[in-house]
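For reference, the structure discussed in these notes is given below.
Just so you know, these numbers use all the heavy atoms, side chains as well, and skip hydrogens, waters and symmetry mates. Residue numbering restarts at 1 for every chain, and letters A, B, ... go by the order of the sequence lines.
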Amino acid sequence: MRTSQYILATLKETPSDAEIISHQLMLRAGMIRKLASGLYTWLPSGLKVLRNVEKVVREEMDKAGAIEMLMPVIQPADLWQESGRWDQFGPELLRISDRNNRPFALGPTHEEVITDFVRKEINSYKQLPITLYQVQTKVRDEVRPRFGVMRAREFTMKDAYSFHLSEDCLSATYERMHQAYCNIFERLGLDYRPVIADTGSIGGSVSHEFHVLAESGEDAIAFSDGSDYAANIEKAEALAPTETRAEASKTLNTFATPEASTIEQLKAKHGVKPHRGVKTIIVYGAADENEQRGLVALVVRGDHSLNELKAQAHELVHSPLELAKEADIIAAIGAKPGSLGPVGLNIPVIVDHSAAIMADFVAGANKDGEHYSGVNWDRDVTDFTVADIRNVVEGDPSPCGKGVLQIMRGVEVGHIFQLGTKYSESMNAGVLGENGKNQMLTMGCYGIGVSRIVAAAIEQNNDDYGIKWPTALAPFTLAIVPMNMHKSHRIPDIADKLYNEFKAAGIDVLFDDRKERPGVMFNDMELLGVPYTLVIGERNLDNNQVELKNRRTGKKLMLDIDQAVTEICNAINAN
RNA sequence: CGGCGAUUAGCGCAGUUUGGUAGCGCACUUGGUUUGGGUCCAAGGGGUCGCAGGUUCGAAUCCUGCAUCGCCGACCA
């Protein structure tokens, strides 16, 4: 490609609404432009990167035995009603009507459509197992789109679905897909981790997420420094402490805390160390037989944080977790949030393991502007249950028994699930088994955020000059940058000749034939992240040489013109 | 959904306090100049100042409403 016949669209200045580095660089490098919040146009070089991701994904999916197909974005509402998700999914499901006022959804995922397809087309156990996939546009009306294509309302996803007659068969395919995902992220040159994950709204039992490690990641992941254990923090178990509770040595006393309603303020104004106090969070309890929801108190150590998933999994707690409204708290307890504690409550109290071994601690007195010191379990609070309801913190022992936990941030780029029969049962998808009887299908599903990978890769590969693409992702492999070509008679011929030879050799080459000064061209090629740049200038031409620059290493190499194409092709293919 | 902020040329911004015919830099066009890391000079093109209403002789500027975009929060009491 010649830049004079291309849309490079690079920007010197960073558009003001781009917050994270990948978003800024994608705009500056001319990869994307925003159409509206969460909606992006992919420019030619952005699209090339997107296609590179798709190519690797397709190759590994095919290798894993999956078969590609394509389903519609627009999906009839009745399928979603059948699975129950028309009501469950909430406003993230973008709903539309056709001219006859029939309701449709713009697909955020395709479990319903694929299950409907399979129940119609797959009739016999002899056709199983089968794994089908597509690379397709998904629509999710995100509450808050942000970070460019990282969390967009319309995005490209690879989604695969597998169908089986047994859990064992599903597990085998699940493992195969797990391996295929590792291959994909490996080939894309990303620093990633598979982690144990929650199944969320998709449903099912076993699940793993694949995270690209990056500071800007929206998820926290915990992993052991002594084993392979890794989990999304929302799923990481906090082991019950081995130490026992100390004896009570202080009496229960109140002290005035008019200006302190948070752990931080207690520390700043009263010198209470966070790990010597507890925080008490009031949520709604599970509904009783009359659909009435009472209140439940959750107690964690002051320096710990509540884990929503763990809390709502508790039988006494309403799921999904919902904080009690202030008015309800005042009505039941007589104090506002900020002065709450477990002493003397007439609602169920669930205490985290770590809080349950504390002695002589500080807690709210359930009276505005007052706290207790010297609180002790059993003596001051008699009725409570103990459970794991907190998020793990760095240094906690790993649940696997080996090593301690480290915590890092990650961008979720893949998620695989063992769904079981959730969709096949609600949508009645079965096949005729060996025994001649109908048998329910067991399902797995496997997603990769294709467009998100592009942004995640930039988060991991950039410097002050711009993007440093891993070879598999680069929009062009090689840039030809001639020095002052328009003033020379030798350079145009040589540049042209090399350009054609690289093209013939199958190298994706970008020939910068603009009438620009060298600095402009260097800057653009570096911003765009082209892995190799071939510099052709009068200076080296006198020695019959050209210069090759490596974007990632910064190294420069002088090559004889006659051998340049061969040597560069070798270098590129060796990578 | 709550709080905060923004909206002026393709991009980045000033002008709004104190109302008086709309500016700067980059980009773009033309000519010249320069040429191995975002040259310099000159001349140009491009804006219903987010939208609607109001106040006023006169509104980018003041008032009201709306829209869009962004940030923070929406569990840590």
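When distances run from any side-chain atom of A:Lys34 to the nucleotides B:rC26, B:rG70, B:rG36, the shortest one goes to B:rG70. Side chain of A:Asn391, nearest nucleotide from B:rC76, B:rU35, B:rG70: B:rC76. Residue A:Glu308 places its side chain closer to B:rC75 than to any other of B:rC75, B:rC76, B:rG73.
Using a 4.0 Å heavy-atom criterion, one finds that A:Val143 contacts the bases of the nucleic acid, with or without backbone contacts as well. Counting non-hydrogen atoms under 4.0 angstrom, A:Ser305 reaches a base of the nucleic acid. Using a 4.0 Å heavy-atom cutoff across all strands shown, A:Ile281 reaches at least one base atom of the nucleic acid. In this structure, A:Val481 reaches neither bases nor backbone, as no heavy-atom distance under 4.0 Å exists between it and the strands shown. The residue A:Leu27 sits apart from the nucleic acid: no heavy atom pair falls under 4.0 Å.
Near RNA chain B, meaning a heavy atom under 4.0 Å from it, residues 349-359 of chain A has no residue at all.
Distance noted for atom C1' between B:rG47 and B:rG23: 11 Å (whole Å).
Residue A:Phe476 forms a ring pair (Phe, Tyr, Trp, His ring centres under 6.0 Å) with just one option from A:Tyr6, A:Tyr499, A:Phe511, A:Tyr532, and that option is A:Tyr6.
There is no side-chain donor-acceptor pair under 3.5 Å between A:Tyr372 and A:Asp380.
Taking a cutoff of 4.0 Å between a charged side-chain nitrogen and a carboxylate oxygen, A:Lys310 and A:Asp352 do not qualify as a salt bridge.
As a whole-Å value, the separation of A:Leu323 CG from B:rG2 P is 18 Å.
Remark: A:Glu501 pairs with A:Lys497 by the salt bridge (Lys or Arg N to Asp or Glu O under 4.0 Å) rule, at least two apart or across chains.
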Pairs: protein N or O with nucleotides 3-11 of chain B N or O, under 3.5 Å:
unit_1, atom_1, unit_2, atom_2, d
B:rC11, O2, A:Glu13, OE1, 3.3

